[in-house]
Amino acid sequence: MDLETIESVETLRQTISCKRSEGLRVSFVPTMGFLHEGHAALIRKAAEMAPVVVVSVFVNPLQFGPSEDFDRYPRDIEHDKKVILAAGGNVLFAPSADVLTPINLEVMVDPGSLASVLCGRSRPGHFRGVCTIVAKLFNIVQPDYAVFGWKDAQQLIIIKKMVSDLNFPIEIVGVETVREADGLAMSSRNVYLSAEERRRAPVLYQALEQARHRAIIGDCTDAHLLRKSIISRIVNEMGGRVDYVEVVRISDLVPLNDVEIGNTMIAAAVFLGQTRLIDNVRF
Ligand code: PAF
């Protein structure tokens, strides 16, 4: 099948309604483009869920802070088209900024308390921007399924809550983080890393994974001690600047004193040079 590329809301709606009238179900993968193997895994999952697979590519200005990387966020739509097609996507929705974020846009989605911790604490307004754009995309695409990566665990958890609280008739599907051979979580922002930073970057996952292992074998279950050991490796081995390292309950992102096997996430955000890396382990 060819990849149909659509820029307008009206054309997308017509295309989807035509497919639906043939009895076809629709799955959706929202992205900001510069697609990599992690996105390909989301698209492959979406293709398993339904025959119509819509992928959006939109660098959402609402989710970037004033001093963040919106202007230099990497973009390569021709490469994205190849990744989408190879992974089983068949509709690309690539609207321009004035279509999704016109200057008179005022109504925003408030993500509530789940957005006040972890990345939400260091990126005020970020999840409000994410929820607003994802809600708009959900209303435009009206998919049966929407697929998100566990790499952005807080985003996935907030989107699930939004869908439940606002009664979107959409099933949210999470896909495990895809990693480079050395463990670094794939991210469009990895392209910012210098060769030297890229060499040190895998320490983040190694430190998280070591803490997860210690917790599950019962060697250390104290959240404070686990955080301390992760932070020490990030600072000393990786040369990173810690934004946060938190041990939280997955269901509500509340900080834990002691791990709860089956409902714990250790999440971290680290600056390596100018690049902010995030990752997490769950157990
Ligand atoms: O995860 C992302 O790429 C973005 O936050 C999303 C979900 C596409 C919303 O802009």
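The chain is numbered in sequence order, starting from 1. In each ligand, atom 1 is the first atom listed, and ligand 1 is the first ligand listed. All values below come from the heavy atoms of this structure, side chains included, with hydrogens, waters and symmetry mates left out.
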Subject >> Pair R123 + D243: basic N to acidic O under 4.0 Å >> reply: no
**OP:** Measure the acute angle between the ring planes of F138 and F168, then classify it against the limits of 30° and 60° as parallel, tilted or perpendicular.
**Re:** perpendicular
**OP:** Closest by any non-hydrogen atom to atom 10 (O) of ligand 1: pick that one out of Q63, M32, H39.
**Re:** Q63
Original post:
In terms of residue, atom name and distance, what is the protein heavy atom nearest to atom 7 (C) of ligand 1?
Top reply: Q155 NE2, 3.5 Å
Subject >> Atoms of ligand 1 close to T31 [distance to a heavy atom under 4.0 angstrom, numbered from 1] >> reply: 8 (C)
Original post:
Quick one: does NZ or CZ of R233 land under 6.0 Å from the six-membered ring centre of Y205, within 45 degrees of the ring axis?
Top reply: no
**OP:** Answer side chain, backbone, both or neither: which part of I159 comes under 4.0 Å from ligand 1, heavy atoms only.
**Re:** neither
**OP:** Determine whether more than 12 heavy atoms belonging to other residues, nucleotides or ligands lie under 6.0 Å from atom NE2 of H213.
**Re:** no
Original post:
At a 4.0 Å threshold, what atoms of ligand 1 neighbour a non-hydrogen atom of I133?
Top reply: 9 (C), 10 (O)
Subject >> Candidate list K151, R282, K45, test side-chain hydrogen bond (donor to acceptor under 3.5 Å, both in side chains), partner E176, passing option >> reply: R282
